[in-house]
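First up is the structure itself, then whatever we jot down about it.
Just so it is clear, the structure is predicted and the values come from calculations on it, not from any experiment.
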Amino acid sequence: MMHRTRSRTLRPLTTGICLLAGGILPWSALATSPYSEEAPTTSASAAIVPEPIGDRIMRYHASPEARLAAFPSMALKDPRPVVGNASAIGLKAVPQFATAKGQHTALIPIEAGTSLYGTGEVTGPLLRNGRTIECWNYDAYGYDDSQANLYQSHPWVLGVRADGTAFGVLADTTYRVSVNMNNAYSSGGSFVFSSSGPEFPVIVIDRKSPEQVVMALAELTGTIALPPKWALGYHQCRYSYFPDSRVMEIAKGFRDRKIPCDVIWHDIDYMHKFLCFTFSKQHFPDPKRHNDDLHKIGFKTVWMIDPGIAADKDKFIDGRYPVYESGSAADVWVKKSDGTADYRGEVWPGWCVFPDYTREATRTWWSGLYKDWMATGIDGVWNDMNEPAVFNTPDKSKTMPEDNKHRPDAAFANAKGENPGDHARWHNVYGLLMVKATREGVMAANPDKRPFVLSRASYIGGQQYGAMWTGDNSADWFHMESSVPMAINMGLSGQPFAGPDIGGFAGNGPQGQEGKLFARWMGIGALLPFARAHTATGNIDKEPWSFGPEVEATCRQAIERRYRLMPYIYSLFRDASKTGMPVARPLFFVDPKDPALRSEDDAFLLGGDIMVACQMMPDGSRMSVLPKAADGRRWLGFDFGEGPNPDLPDMYLRPGAIVPTGPVMQHIDETPLSPLTLLIALDKNGKAIGTLYEDAGDGYGYMSGEFLLTTYAAVREGDTVTISVRATEGRMPRPNRPVIVKLLIDPEPSTPDATVQHRAKVATITTLGTDGQAIILKVQP
C-alpha cells in the first residue's frame, strides 16, 4: 500500500541536482540564482529579445539569433505577431537564458510565498514546488511517484504569488524538456526549464489571479470544442470486452440493475490479429448490427485505433491489408535514420510501420481511413499507444529512436528555412498530430455530429482535438489519491476534459480491499470531468456490481450523482469551450491569498459553485483544509438523499450560488430535462445567481444560435425569496417544464473560523413552480 506523505511542507525530491535528458548535472551548472558566481554562459540582458504578443503576455528569445532560429510554435493555436511596445510591459517573471554542457536553460526567478502548479500530466501532489518533471512522452505502465515523465508533455508552470496575483510560463519547444522546481522555496528562489534541443522561446503571462492566467493560456493554446453531451456520461471499459455477446451482457447488466451508463468501449481484441481498422470475424462478425443493438438500448460505442500499422503479411487477411498497402503506396511511414528505409518497430500486431503525421499528405490519408470504419455505427475513437509506444527496444526507451526521420511540411520550417525531421523534435507532438488527423477523419465521416476522441499521448494545446485520461495507473490507494491533483493540474495546463481509469488499470487492488477501493474511487471519479472505469486484461471483473451488493449500491449512488448534476456539468463544459476555465478546479481558486488552501488536493471545486471533499485515506482519518466562510456564510452541505455513506465524497454549495440539476437518467438523452431542480444558497446579502446552458446535445446547431442560456437569480426580501429568470441568450425555445426550488438554509450562526456546514445540519425549503415564471418561496423572517 502506497501513500504520499500528508505533510504540507515543501520537500525537494532531489535537492542539489537537476534531472536532465541524458543524465544528472550538478545544480550549480545551471545557476541556482541570477547572482550565482558559478553560472554558465548567460545571454546578456541586452541580447534578450522581448516580444509583446498580448495583454501582459510576453515572448522572450535568448538572442536575435535564437529568434531567427525559432520554429513555428506547436503549442499556440495561431501565430502570435508582436503587438505594442515591449518596454511598456513590466513583467516580474523574466527568464534568464543560459547554456551549460549542451543544455539550453531558462531560469525563472520567483518571489517569496510563490506556489507552483501546472506541468500537465504528472504524478504526486497538486503543489509542484520541490519537484522535477520531464516533458518526454512515455509509455509509463503502472507508474508511481518516482516517474518523472508520463504520456503527455506540458512544459508549462502556473505560479501564484503570496498576494494572490499569478503568472504562467511556457517553454515553447517540442524537444525533451526538464522542468526543475527543486529550488522553488517558500522564501523565493527559481525554477528552470532545460533542454538538449535548440534554444527555445519562453512565453510569460501575468495576471491579477490564477483564473485569469488559465484563461489567457486558453487564449494562446485554444479551448476544447464543446463535446457531445453523451461523452460527459459514465463510461465502462476494460482490456477487453469480447466477443460481441460479452459486450451486450455488460450493457444489459447496467440497464437491468438501473445503473446509469452512456458508453461501452472496445479495446484491441475487436480487431483481426490487432490490425487497425479491421474487425475479428470470430468475435465481431457484424459490427454494424452490434452497434445498432447497443444504440437501441441507449449506449454509444468507442473503439480503439493505434498508430502502429502491421507490416507483417502473415497477419493480413487473405494476404491483403489495405491500410498498409495504401500507406506504402503513398509513402507515409516514418523513416529510419538513413531517411530512406521505413522504420519498423514491434507493437501489438508484431512488426509495424508508423505514419509520419508531420506531413499533411499523411494526415489526409489517415483521416480518410475512418469513413468506412465508422460507417458501422461507431460513435467515438480512442487513440492509444501514440507516444509512440514500441515494444522490445534495445535501448529500453519504449519508443522509436530519436534519430528516426520525419519529413515535415514546409510550414514547420523556421525563418532560416531549417526544418529538422529528427524524431527528437517530433516525439512529443506525435500523439497531438495523430489525434488532430483522427478528429478530422471522424468529423468528415459524421459531419452532422460532434466528434469524441480520446488520446493517451498529446502535447500542450492538444485539448483542441481530444480528451485525455491519465494512462495506465494502478489499482491502489496512491493512484486513487493522485487522480484528483492529476485532473486539476491538467485543467490548470489547458486540458479540462481529463480523468483517471476509475478503479485502477494495473492489478486487482489491495488484497481484501478490492471492493472498498473501487467503491471509494467511483465516488470520486464520478465527479471528475472524464468518468470511465477501466481495468487490464487478466484482472478480476470491475463492473459496478462485481464486488457485491454493498459496493454496487455505492457505485449506483455515485454515478446517479453525476447524472443529477449533468445540467450543471454540461454548462461547465460550455464555459470551458468558451473561456478555457477548468471543470475541476483547485480550492485555492476560492481565495488565492489563503496559504492554507495552496496545497490542498483531497478536495476540489466542480466549477465555481460546488466543492467536493474526498476521503483519500482508507480509514477516513484525514480532514481536508476547506475554504473559510464567504463573508460570514458557510458552504452548505447537500446530497441527493443517499444518506450517510463513507465512500461518497461530501458535497457543498457556495453561498450565492444557484446550481441546476435534473432527474436520474439511465443515459443522457433518455428523457428531456424535466423537472429542473435549482439548488440555491443565498449569500450574506440574500442573493444568489447561476446559469444553465442547454442545446440539442449533439450537432452544430448551437453555433448558429440554437441553444438556451438562462441566468437564474434569487433575491430575499424579508421572509420572501423570489427566484426568476434574469437573462436569456439563444434561439432555442424554453421548455414547458416544472421547476423544483430547493433553498438550503444554515440554521446556525457562522463563526470567523467556519468553513462548511455539514448536510445533516442544513435545512431545506422546497417549492414548485414553472420555468420562466417567477417563483415565490417563504422563509422564516
Charged N to carboxylate O under 4.0 angstrom, K273 versus D269?
no
Does the ring of Y175 carry R425 above it, NZ/CZ under 6.0 angstrom from centre and within 45° of its axis?
no
Are a donor atom and an acceptor atom from the side chains of S63 and E65 found within less than 3.5 Å of each other?
yes
Out of E134, H154, M181, R131, which one pairs with T119 under the side chain to side chain contact (heavy atoms under 4.5 Å, CB included) rule?
M181
Salt bridge flag under 4.0 Å for residues D172 and R59:
no
Taking the six-membered ring of W351 (Phe, Tyr or Trp), confirm whether the NZ or CZ of R344 is under 6.0 Å from its centre and within 45° of its axis.
no
Would you call the rings of F200 and F193 parallel, tilted or perpendicular, where under 30° means parallel and over 60° means perpendicular?
perpendicular
Between E387 and K398, does any NZ, NE, NH1 or NH2 come within less than 4.0 Å of an OD or OE carboxylate oxygen?
no
Decide whether T438 and W366 meet the rule of one side-chain donor and one side-chain acceptor closer than 3.5 Å.
yes
Cation-pi check, R128 to W156: give yes when NZ or CZ is under 6.0 Å from the six-membered ring centre and within 45° of the ring axis, no otherwise.
no
Kindly indicate, with the supporting measurements, whether the criterion side chain to side chain contact (heavy atoms under 4.5 Å, CB included) is fulfilled by W426 and T174.
CA-CA 7 Å; W426 296 104; T174 61; 5.7 Å; no
Counting only heavy atoms not in K315 (residues, nucleotides, ligands), do more than 12 fall under 6.0 Å from its NZ?
yes
Can you see whether S280 engages H272 through a side-chain donor-acceptor pair at a distance of less than 3.5 angstrom?
no
Examine the side chains of T221 and Q463 and answer whether a donor and an acceptor come within less than 3.5 Å of each other.
yes
Strictly distance-based, threshold 3.5 Å: is any side-chain N or O of N473 a donor or acceptor partner for the main-chain N or O of D501?
yes
Does A341 offer a backbone N or O that forms a donor-acceptor pair with the side chain of D338 under 3.5 Å?
yes
Verify, without hydrogens or angle tests, whether S195 (side chain) and R176 (backbone) share a donor-acceptor contact under 3.5 angstrom.
yes
Output yes when R456 and D384 qualify as a salt bridge under the 4.0 Å nitrogen-oxygen rule, no when they do not.
yes
T358 and D409: side chain donor to acceptor below 3.5 Å
no
Ring geometry between F279 and Y270 (parallel below 30°, tilted from 30 to 60°, perpendicular above 60°)
tilted
Could you check whether any side-chain N or O of N149 sits under 3.5 Å from a backbone N or O of Y138, counting only pairs where one atom can act as donor and the other as acceptor?
no
Sidechain-backbone polar pair: N386 side chain, P307 backbone, donor-acceptor under 3.5 Å:
no
By the definition ring-ring contact (aromatic ring centres under 6.0 Å, His included), identify the one residue from W333, Y357, Y324, Y370 that meets it with W365.
W333
With under 30° as parallel and over 60° as perpendicular, where do the rings of H235 and F452 fit, or are they tilted in between?
tilted
Can the ring centroids of W265 and W382 be said to lie less than 6.0 angstrom from one another?
yes
Shortest non-hydrogen pair, N419 vs A410, comes out as ND2-CA, 4.0 Å
To the nearest 0.5 Å, atom NE2 of H479 lies from atom OG1 of T470 at 8.0 Å
Atom CG in N291, atom CD1 in I378: separation rounded to 0.5 Å?
6.0 Å
Between R407 and D356, which heavy-atom pair has the shortest distance, and what is it?
N-OD2, 2.8 Å
Quick one: do R363 and E440 make a salt bridge, cutoff under 4.0 Å?
no
Treating D312 as the side-chain partner and D314 as the backbone partner, does any N or O pair qualify as donor plus acceptor under 3.5 Å?
yes
Do E402 and N404 pair up side chain to side chain, a donor and an acceptor below 3.5 Å, judged on atom types alone?
no
The test is side chain to side chain contact (heavy atoms under 4.5 Å, CB included); show your working for V347 and F391 and say whether it passes.
CA-CA 6 Å; V347 202; F391 299 158; 4.2 Å; yes
Does one side chain, of Y241 or Q236, offer a donor that lies under 3.5 Å from an acceptor on the other?
yes
Run the numbers on F284 and F242 for ring pair (Phe, Tyr, Trp, His ring centres under 6.0 Å), then give the verdict.
CA-CA 8 Å; F284 292 87; F242 71 96; 7.7 Å; no
For P408 versus G421, what's the shortest heavy-atom pair and its separation?
CD-CA, 3.9 Å
Less than 4.0 angstrom from a charged side-chain N to a carboxylate O is my criterion; do R238 and D267 meet it?
no
I'd like to know if the side chain of N137 reaches the main chain of A457, judged simply by a donor and an acceptor atom lying under 3.5 Å from each other, with no hydrogens or angles considered.
no
Shortest non-hydrogen contact from P95 toward A106
CB-CB, 4.4 Å
Of the non-hydrogen atoms in T393 and T399, which two are nearest, and what is the gap between them?
CG2-O, 3.4 Å
Going by atom types alone, do S397 and D395 pair a side-chain donor with an acceptor below 3.5 Å?
yes
Which atom names give the shortest non-hydrogen contact between M468 and Q495, and what distance separates them?
CG-CG, 3.6 Å
Determine whether K77 and L220 satisfy the following criterion, side chain to side chain contact (heavy atoms under 4.5 Å, CB included), listing intermediate values before the conclusion.
CA-CA 6 Å; K77 67 173 182 176; L220 293 176; over 6 Å; no
Verdict with supporting geometry, Y151 and W469, ring pair (Phe, Tyr, Trp, His ring centres under 6.0 Å)
CA-CA 10 Å; Y151 308 88; W469 88 106; 7.1 Å; no
